[in-house]
Amino acid sequence: MNFTIEASAADSSARAGVITTGHGDIYTPVFMPVGTAGTVKAVHLRDLADDVKAQIILGNTYHLYLRPGIDIISSAGGLHRFNGWERPILTDSGGYQVYSLAASRKITTEGVKFRSHIDGSAHFFSPEQVIDIQRAIGADIIMAFDECTPYPCEKSYAKQSMVLTHQWLSRCVEQFRSTDNAYGYPQSLFPIVQGSVYRDLRTESAETIASFDMQGNAIGGLSVGEPAEMMYEITGLVCDILPADKPRYLMGVGTPVNMLECIDLGVDMFDCVMPTRNGRNGMLFTREGIINIKNEKWKNDFSHIDEMGGSFVDHSYSKAYLRHLFTAGEMLGPMIASIHNLAFYIRLINDARERIVNGSFKSWKNNNVKKLAQRL
RNA sequence: GGGGAGAUUCCAGAGCGGUCAAAUGGGGCAGACUGUAAAUCUGUUGGCUAAGCCUUCGGAGGUUCGAAUCCUCCUCUCCCCA
């Protein structure tokens, strides 16, 4: 994996770059659709590649390990072969599940004991296993095993958790270095900064993570309920410490506004379930603001879903029709909304990239932020 | 023609003397969702000058301090037998 910066904004930390991988180039900043179980929910492969124009998608170690199981994915020849996605894949380590499935796991220095949310069976993840599993999945970018702390989080716990994440990172790196790429093409490991909302912890964590000198770095433990301003503050702080010549990945973020603000702070990569999950639940993101397509007000609105949208679905269906699909419980509704939202997210980030390259990012961002967040 | 069951708030359907503006489900309306246990979850759903009041449980009368609940008649539905 290689990262080259093509342009940097003069009045901001935003930059435009290219990540090269064994499955093709990724132009940054980039939004990566989340495909937890080996599928970006409700979106067909062809739509994802040709219409949405996703450059890279996510998979999830914990979910794929439980189902279908790593033996199946290995037999298939890796996740790319299994699900048919030929562009890059990044896998999350399961660190987020340590947080979101907190009720059914126990953390020790050695690793995490957890119960399957599917059948209750007992399992254990060590940092070493998490690397092995991601190798076997065949992810182009592998994430270190971390503990994603909740918000709010006592400082003492945040510190203890951060130390643990760092210890696990050493083991992840060692395991990563002592194992080979599973399918011939290169695999990269990204470590993850933790430290909750505490500036000193985040500083320490960012410096520690940077010292491992991996090919990219991630910021975790944000967008877990803290105020947006707090997230920006920590993101800015960490971005300033992480090396500029490596991609910075802000995990789990976020809303369109969150992404523009964080690009401004120097973030290169984003992923979030929002465009797909909220889309399935009837929320549409547009340049003019946010639409709840289930609302009665769209009942007789026969205008296109998004006049300014760049996706096939935007000009093929009306708001009234999409509302009807949701009202009727038709599965096409969530599909259309997911495609629209993903295409919107990716187009927005592409526009941001264009603005970075031509030097007008900051003012463009400031002009758009308010509109993007308003409700229609 | 004979016998039986029933009519409840948008729908279905509980309630069978006061704690009932009336369970529950559906539908409607609105909200939430940020490295996905989510095609999920939450709220709300008679009116108003709104911690109170008013009008509602097929219609009309009656019993009672008090009726969706008991009685009488009427109207209408459904089922069974001829």
Side-chain angles (χ1 to χ4, degrees), chain A residues 31-43 56-64 66-67 90-105 114-120 130 134 139 141-151 165 190-194 218-228 231-232 235 249-259 261-262 267 269-285 290 292-299 323 325-338 341 345 373 375:
Chain A
F31 176 77
M32 311 182 282
V34 179
T36 305
T39 165
V40 175
K41 294 187 196 300
V43 182
I56 168 174
I57 62 171
L58 260 65
N60 183 277
T61 303
Y62 167 85
H63 288 281
L64 292 170
L66 287 181
R67 193 164 53 192
L90 178 152
T91 43
D92 182 34
S93 61
Y96 187 77
Q97 281 63 43
V98 173
Y99 151 80
S100 69
L101 302 173
S104 51
R105 94 302 197 247
F114 61 89
R115 291 204 166 272
S116 160
H117 68 279
I118 300 165
D119 62 5
V130 165
Q134 293 182 90
I141 298 173
I142 285 171
M143 299 309 297
F145 194 43
D146 67 331
E147 184 193 1
C148 176
T149 48
Y151 178 84
T165 290
F190 281 23
I192 304 170
V193 175
Q194 287 292 343
I219 307 165
L222 290 176
S223 64
V224 286
E226 77 284 0
M231 179 186 88
Y232 299 148
T235 299
Y249 166 27
L250 179 56
M251 306 183 77
V253 173
T255 65
V257 171
N258 288 163
M259 293 192 297
E261 294 295 355
C262 292
V267 174
M269 303 163 73
F270 299 92
D271 78 280
C272 190
V273 302
M274 207 174 254
T276 42
R277 179 191 285 167
N278 290 28
R280 288 196 304 282
N281 295 328
M283 181 187 275
L284 266 48
F285 296 94
I290 295 164
N292 182 344
I293 200 66
K294 292 192 279 195
N295 285 176
E296 194 166 29
K297 63 198 290 192
W298 308 112
K299 203 174 195 168
R323 177 185 138 86
L325 293 176
F326 269 97
T327 302
E330 286 291 336
M331 64 175 85
L332 184 59
M335 290 168 69
I336 290 172
S338 297
N341 280 345
Y345 262 58
R375 307 260 161 178

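A note on names: the letters A, B, ... follow the listed sequences, proteins ahead of strands, and every chain is numbered from 1. Keep in mind that this is a model prediction, so the values were computed, not measured.
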Pick the P atom in B/A22 and in B/U45, then give their distance to the nearest Å. 10 Å
Give me the distance, rounded to whole Å, that separates B/G26 from B/C16 when you measure between the P atoms they each carry. 24 Å
For the C1' atoms, the ones on B/G28 and on B/C74, what distance do you get once it is rounded to whole angstrom? 36 Å
Considering non-hydrogen atoms only, spot the tightest contact between A/Ala144 and A/Pro191 and give its length. CB-CA, 3.9 Å
How would you summarise protein contacts on nucleotides 29-36 of chain B per nucleotide, using B for base, S for sugar-phosphate only and - for none, with heavy-atom distances below 4.0 Å? SSSBBBBB
Suppose you measure atom P in B/G62 against the same atom in B/A68; what distance do you get, rounded to whole Å? 16 Å
Given that both distances must come in under 3.5 Å, which nucleotide forms a Watson-Crick or G-U wobble pair with B/A22? none
Complementary nucleotide of B/G1, counting Watson-Crick and G-U pairs under 3.5 Å: B/C81
For B/U42, give its Watson-Crick or G-U wobble partner with both distances under 3.5 Å, or none. B/A30
If pairing requires Watson-Crick or G-U wobble contacts with both distances under 3.5 Å, which nucleotide is the partner of B/U63? none
Kindly write out the residues that satisfy ring pair (Phe, Tyr, Trp, His ring centres under 6.0 Å) with A/Phe114, not counting sequence neighbours, or none if the list is empty. A/Tyr62, A/His123, A/Phe125
Any donor and acceptor pair, going by atom type alone, linking the side chain of A/Thr61 with main-chain N or O of A/Val130 inside 3.5 Å? no
Determine the Euclidean distance between corresponding P atoms of B/A82 and B/C76; express it in Å to zero decimal places. 26 Å
Quantified in whole Å, what is the P atom distance between nucleotide B/G15 and nucleotide B/U69? 14 Å
If we count only N and O atoms by modelled type, under 3.5 Å, do the side chains of A/Gln134 and A/Thr91 hold a donor and an acceptor together? yes
Using atom names, set out every protein N or O paired with an N or O of nucleotides 43-46 of chain B below 3.5 Å, distance rounded to 0.1 Å.
none

What is the base-pairing partner of B/A50, counting Watson-Crick and G-U wobble geometry with both distances under 3.5 Å? none
List, one per line, each side-chain donor-acceptor pair under 3.5 Å for residues 31-38 of chain A, sequence neighbours excluded.
none

Would you please name every residue forming a ring pair (Phe, Tyr, Trp, His ring centres under 6.0 Å) with A/Tyr249, sequence neighbours left out? none
Only pairs with both distances under 3.5 Å count, Watson-Crick or wobble alike; so what is the partner of B/C76 in this structure? B/G6
Could you measure between the two C1' atoms, the one in B/U40 and the one in B/G4, and give it in whole Å? 47 Å
Which residues pass the side-chain contact (heavy atoms from CB on, under 4.5 Å) test with A/Thr235, sequence neighbours left out? A/Ile219, A/Leu222, A/Met231, A/Cys239, A/Leu250, A/Cys262, A/Leu265, A/Val267
Note, A/Glu226 side chain near A/Val224 side chain (heavy atom, < 4.5 Å): yes
Please measure how far the P atom in B/A7 lies from the corresponding atom in B/C57, and state the result in whole Å. 14 Å
When you measure from the side chain of A/Asp146 to the backbone of A/Ile192, do you find a donor-acceptor pair of N or O atoms at a distance under 3.5 Å? no
